[in-house]
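Order of the sequence lines sets the chain letters (A, B, ...), proteins ahead of strands, with each chain counted from 1. Computation of the quantities below employed the complete heavy-atom set of this structure, encompassing side-chain atoms and omitting hydrogens, waters and symmetry-equivalent molecules.
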Amino acid sequence: MLRGNMTEGYVELHSRSAFSFLEGASMPEAMAQQAANLNMPALGILDRDGLYGAPRLYMSAKKLGLRSHIGAEISVAELGSQVLPELWQPHTILDRPVRLSLLCESQTGYRNLSQLITGYKLQQKTKGEGIASLRSVRERAEGLVCMTGGDEGPLAAALARGGMEEGRRVVECLVQTFGRGNVYVELQRHRIREQEARNQAAIALARELHLPLLATNGANMATSLEREVLDVLTSIRHRTSLDEAGMLLQQNANRHMRGADEMGSLFRDLPSAVAETVELSLRLQFVMKDMGYQFPLYPIPEGETMDTFLHKRTMEGVANRYGCKASAKLRRKADKQVEKELTLIAKLGLAGYFLIVWDIVEFCRKNGILVQGRGSAANSAVCYSLGITAVDPVGMELLFERFLSEVRGEWPDIDLDLPSGDDREKAIQYVYTRYGQLGAAMCANVITYRGRSAAREVGKSLGFDEDTLTRLTRLVGSWEWKGPTDTMKNQFQTAGFDLAHPRIAKYLELSIRMLDLPRHLGQHSGGMIIAQGQLASVVPIEPASMPGRNVIQWDKEDCSDMGLIKVDLLGLGMMAVLKDCVELIPLHYGKKVDIAQIPHDDAKVYKTLREADTVGLFQVESRAQMASLPRNNPDKFYDLVVQVAIIRPGPIVGQMMNPYMERRQGRQEIRYPHPLLEPVLYRTLGVPLFQEQLLRIAMVIANFTGGEAEELRRALGSRRSADKMRALELKLRNGMDQNGVSPSAQEEIIKAISSFALYGFPESHAASFALIAYASAWLKFHYLAAFTAAILNNQPMGFYSPAVLVKDAQRHGLRVKPVDVLRSNWSCTLEKEANGTFSLRLGLCYVRGLRQGSAAELEAAREMRPFASIEELARRVPSLTRADLTTLAEIGALNSICEGIHRRDALWQVERAGRRPGALLAALDRDEEVVSPLRPMEPQERMVADYASTGVTVGRHPMAHYRQQLRTMRVVRAGDLPLLRHGVKARIAGCVIARQRPGTAHGFIFLSIEDETGIANAIVDPELYERYRSLVTYSKFLLIEGSLQNVDKVIHIRARHIEELSVTAAPVQSHDFH
Amino acid sequence: MGYAAIYIPEFPSLAWLRLEPSARPRAIAVVEGSAPLERIVSFNRASKELGLEHGMSKVQADTSGQILFHARSIAEEEAALDVVFEVAERFSPRVQIIASSVNQYARSKQPAAVLLLDQTGTEKLFGSARSFAEKLRKALHELDFPSNVAVAPNAEGSLLLARSYSGVTRVNQRDVQAKLAPLSLSMLRCEDTTLATLTRWGIRNLGELAALPETALVSRIGQQGRRLQRLALGVEDHLLVPEEPAFILSDHVLLDTPLESLESLLFILSPMIDKLLKQAINHAYALRSVTITLELEKRTPHQLEVRPAVPVQSKDLLLKLLNLKLQADPPQAGILAVTLSAEPAVPQVSQRGLFQAQFPEPDKLDLLLARLKSIVGEANVGSPVLCNSHRDDEFRMGPFQPTAGGTERPPKSKTVRSALRRFRPLQPAKVVFRGAAPSLLFWNGSRLELGDVTGPWQSSGYWWDGRQWEADEWDAIVAQPPQALRLRYEPKPGSWYVAGQYD
């Protein structure tokens, strides 16, 4: 082997990343890193039927100083099927169409490739891989370079099908399609006999047809070590086990990235084929940043520009928003701010973006859909004037620079909160209609392998049985906080696996290696990408699993990296609740409620907030919020803004919460690091809590401009560039020196800034959320029945399960009635009682297994005339299955049909209903009585049936049934805990309704336990958790003993001992936060 | 009429402890399955106190480190059941095995051996039903099989009682229902859906089930309801099918004086064959084979077997075959005793339908395969089938499937290929490299110069278990003597082989 024979360099132009879902074992980043390690000047990744990995390849290659070549493998129907093993060889490989390997030479090529993929992907009615027609490839061939491919390619298939003759025909067809200069005869050498035979034929053809030879390695993994992962992925893709996969697996570990030396040695008989890769790489001039993305222009009337149009709409809004407010000073301030913002918007050419968002908001408003902008958009007076946000940034003195700054060079981000469900779908469909199916699509969400899914899938591949896998995956913890024992290794051991056994050791190793590899493409919760002209030419679009939805092939980070602007249409459960309340209240109470006009000074509402009576409320219902509410003691709206922001990782990490709380309660003196900062920090008692304050600090104390301050925040937050940070810190110190800030104060300020730059919460966002939080508290306080009905109809949402919400509403005096087939609708409804109050009727939606169609049929039949018997119900509503009827009988929903029957009578009848006896037994049938020989259900049995079939019970709380017994065990009721002294030993018992292990709590677990009098909280330290791991994680009812801590009216039990209570078999649900 | 049921819980543990008495005081558990997924199938009381449950993995069970594990052995359990059966047979001639390892203990929650005895007519031997049950239990206990024994006038009733009550239970017709009444519904074996319906109805025990109106019950859950109710009432019938001894055909004649003449021997054999045939015909059998064993003077016994092509019921044919066989292979000394044994078989039907061709005597083939298997091992007889694997020399033995011959043509291949004759096992060799390719081969005592060499062709696989392989192969042309060889290098042992020769 002589080095002299070797070529100067090599570029891998045909590799496949893990974004060829389950056909590649390495992420584009890893492939690029390996290419850099091998001293390649460039790398080409061709994923299967998509450009999924292109942005990541581009970004990581850019960082590594490599050029990236974008391309894809396109399945084509007319060129035959991929090579299969010989007929005599047993295998399970399915017939698959060949794939054309295409590389983008120019922007035209990229656009063509993206449109080509979109074209055939969207033709698929369902989510699938899709196959292109040769005709569509011909139409989009310009700017693309075609390689004849490896085993999956058309040449290999043709040679196997019809020898040289067929091979020649196919290559000529490719030449015809792509042009003579754009077809490369590809050679791959993986040390496989059959492949080499095909290579020899390909070489002969290339010489005969005067086509260039191109060496590639068809790499589908970065290093040969990934072969095992690749084999596992293959078996997952083909839904088989490794033992059964046989020839589907890799024949050897040679399909990895190889450098110039290795490739030169492999192709020492054909050095030109290796050299050609460098030539071709130089020829491929397309760079991802030139993909030609433009944000759509907003259609405007003639004679207008987008800027003038936006100006007009904004000024209309200013008149509307600020006109009614008395203060002329505010109006002046607003006008000034709006002008300033509009100038910057015009300068940055963003008018179209604002108009598009305004257009969506207008659509919502016209169609009665509640909509509210969240996030930093609430800092903008333009957004407020256009009705995009609901918080007045001028009145609240919010900082515009946090939203948009000239220096940032990034698109602004406007997120719209919409009621989850149909309303949000309407808004999404509006965007589709307005910009066309090829002009707008949802962002993708790349679903990756997580602990549980990796363990399950690898286990399946290795041939473990279902039981074993279930046992294991149940134990794979997914708490937010990971302790030293929360390793996968530990979980395997807990599941009863012997790690000393090689097969189990391999299982564990592979499960860990599989983590974070892409599994499939999902849909982002609300991000929509809109593009000028055709979005399809920027990024391929494909159908989502949800009918009527399309997704692009990139996720939101990729979109952001590629500079694609996104409008987030997020579904917010509480918005849907507010909307339902707005509809329900006039209908039943005869009063009209306008969420925007709710008085923000209702003392009674603040009182409930101070008492942490916040179950079901937006943002302030979590255990941590409840624990801080009595300390924060809110009595005005701004306190709520602080409250929303305070229970966040930022202030907790930055140690900022405690000083605020201490000062709030008057235990600590309010002081400012420097007198200059008093106007900035006076609202938060001298403690910086919001990102805007951080910006203002820099502006006030160190004379930063708004843009510079925002740059500082981002630099501190991302910690990306140490140099940049040092420079900014220097500038900050210089500025402070100029303002005469003492060195000690400087240190304090810098510490305050850097400690929460990353996690701080924007004040504007907190204010937007506080509006919704207050609205929810106000509605719950004044219209409990309507609020409870709305929240129950919009499940799942929030922190608590419906069972907890029902019990909480009952404790607040709401009468909740059970499901009744003669009265219940699909949704929960309100019923007026004789005394004029309202009660809540549970809806049929809570009956497990009952379909909405059957419920609609039931309601229609009932409206015609009520049912006289269960038999009649079964007959007149045939879509109710026997299982439905049984469930309805079991929860007592049929009791009202016949006079004086109980649940078991109904069950007894249900078994007969609809079963007509033949003529022979007709006489026997007549003898039957309505009343059954069965005994009625005991209260506990009713409760178990309720929980099993509806998830809620309107009867007594499970713990109430056992109170006598619990009293003898000296268990204290949750409601009685305030009567106990701080520090005493106490026992609480109840149903676990929430478990939390927050990332910032150093492994402590917070349990919320409910009994018939309310909710008690317990704290489990990591050591105790280790001892009672499975009890804490899975038990439904717990008895906890420990010392009672009552600090500032916040009560919890510091657990010392935990045991399981087997009080009932009721399948109650807890909401576990991971 | 009375039936006695024996219920022996945790039978696999008992079967083992019977053979390993020293383990009795310890916490033991019987595990099933192959490592690493062994599961606990049975354990003793000491283990139960340590928290063991059926179905636990061995690793979970082993947390205490005090448990003695034993791999489950069906042979042990069968031998133990034989002992139990023998005891039962001492008490009644009519015994049925209800649950054993053969039927996976009737797929109940735990592996318990269950036997049913007909107790009718045993009063004179064993006294009252209670005394019968006590004696039976005592006999089993003496052999270290702690058990529950229940005697009831109804077979199903006795089985239910034995499963539910420990020790001895004896009920008469009048009390059976009352005794069954408190038993949990889960004791009944029925479909899960039916059990779920009854549970929903609040039926907690057999007494409540028995109290339901029969017609209404049947109209709701069908005939199964009736069966369950009859079980609950203790009136459901059970047809006891006694276990029968194995059907053995054998006869033995002891001679007064040594017999030299074969003709005289035929006179003795004739009535013996006649007797065996009659026994077989009585059971609707024919004879598949007859084995004659002759005890000789001062010689080892002489044994011959005749095996007609199909099972026969003809005495003359068998006698003739025996005669021929004896003539071909006569005994070398005077005959002292004759033993004749025969293997029964279902008579062969030579043509199963009017339009079907006659069978080509398939049992001959079966017989041949069976004999081959007994010689070379079960796994080594059959038709080789290629495996779905990149390891191209891998095959497994499938069932022997002779082809009709010549009708099926191999598919036409477009390319001309050379055939490879594989060497099994691979032939060790030594290889010397020149540059990157082999150039000299030392094989079979010869030194061979290699001409054109292509390769290496690499393959590897089964990395996830013990079958892992990795091989580099070269195709090499040998100039003298002219031949093409496949060389194989296995990096793991680091050895070279000649894997085959191209035609």
Side-chain angles (χ1 to χ4, degrees), chain A residues 1 86-92 162-163 190-193 196-197 227-228 231 242-247 249-254 265 461-462 464-465 468 471 493 495-498 501-504 506 886 890 904 907-908 911-912 915 917 921 924-925 927-928 932-937 941 945, chain B residues 33 35-39 55-63 196-197 200-204 208 211-213 215-222 385-392 394 410-411 413-415 417 435-436 454-467 470-473 475:
Chain A
M1 219 176 346
E86 297 289 342
L87 284 171
W88 48 266
Q89 283 178 301
H91 67 88
T92 51
H190 301 130
R191 304 243 182 242
I192 296 168
R193 275 192 191 83
E196 190 51 33
R227 187 259 175 102
E228 295 180 356
D231 278 350
L242 286 164
D243 281 325
E244 301 289 320
M247 298 185 81
L249 304 179
Q250 298 293 303
Q251 183 158 351
N252 53 40
N254 290 341
S265 159
S461 291
L462 287 171
F464 287 93
D465 61 288
T468 311
R471 200 154 43 89
Q493 264 165 347
F497 283 116
D498 176 10
H501 194 281
R503 193 144 159 247
I504 299 292
K506 183 58 87 184
T886 306
E890 222 179 346
R904 290 227 169 92
L907 274 170
W908 185 250
E911 286 299 332
R912 272 302 307 274
R915 290 190 200 204
L921 297 172
L924 281 172
D925 192 50
D927 296 342
E928 278 215 19
S932 72
L934 306 177
R935 64 190 165 81
M937 282 189 187
E941 286 179 321
Chain B
L37 297 175
E38 296 134 308
R39 296 296 170 107
M56 253 185 181
S57 82
K58 188 182 166 188
V59 182
Q60 276 175 316
D62 203 18
T63 44
T197 304
R200 263 200 303 272
W201 286 352
I203 307 296
R204 287 170 297 200
E208 290 178 358
L212 292 177
T215 321
L217 183 68
V218 174
S219 71
R220 279 165 178 82
I221 51 175
V385 180
L386 277 174
C387 290
N388 175 13
S389 160
H390 286 299
R391 185 169 180 146
D392 57 6
E394 191 183 8
S413 173
K414 294 222 163 73
T415 46
R417 293 166 197 272
T454 53
W457 311 118
Q458 296 175 325
S459 62
S460 56
Y462 293 142
W463 48 263
W464 57 92
D465 61 19
R467 296 172 294 165
E470 190 181 349
D472 292 0
E473 290 183 340
D475 296 323

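- Between B/W464 and A/D243, the shortest heavy-atom distance links the atoms NE1-OD1, 3.0 Å.
- Contact tally against chain A (heavy-atom pairs below 4.5 Å) for B/E470, B/M56, B/E473, B/R391: the top residue is B/E473.
- Proximity to chain B is absent for every atom of A/A197, based on heavy atoms less than 4.5 angstrom apart.
- In terms of heavy-atom proximity, B/R220 sits nearest to A/W908 at NE-O, 2.6 Å.
- With contacts defined as side-chain heavy-atom distances shorter than 4.5 Å, the pair A/E196/B/T454 does not qualify.
- A pairwise comparison of heavy atoms in B/R200 and A/L907 identifies O-CD1, 3.4 Å as the closest pair.
- Between chain B and the residues A/E244, A/E941, A/R227, A/H190, the largest count of heavy-atom pairs under 4.5 Å involves A/R227.
- Nearest heavy atom pair, residue A/H91 against residue B/N388, reads CA-OD1, 3.5 Å.
- Per-residue counts of heavy-atom pairs under 4.5 Å with chain A were compared for B/S389, B/P213, B/G55; the largest is that of B/S389.
- Using modelled atom types, no side-chain atom of A/R193 and backbone atom of B/W457 make a donor-acceptor pair closer than 3.5 Å.
- Interatomic distance, A/D231 CG to B/Y462 OH, rounded to the nearest 0.5 Å: 11.5 Å.
- With hydrogens and angles ignored, the 3.5 Å screen pairs no side-chain donor or acceptor of A/N252 with any backbone N or O of B/S460.
- Of all the listed residues (A/A253, A/A945, A/G246), the one sharing the greatest number of non-hydrogen pairs under 4.5 Å with chain B is A/G246.
- Interface remark: B/S459 contributes backbone and side-chain atoms alike to the contact with chain A (heavy atom separation under 4.5 Å).
- Looking only at side-chain heavy atoms (C-beta outward), A/L934 and B/I203 come within less than 4.5 Å of each other.
- The residue among A/E890, A/R904, A/R191 with the most heavy atom pairs within less than 4.5 Å of chain B is A/R191.
- Contacts between A/S461 and chain B at a heavy-atom distance below 4.5 Å are absent for every atom of the residue.
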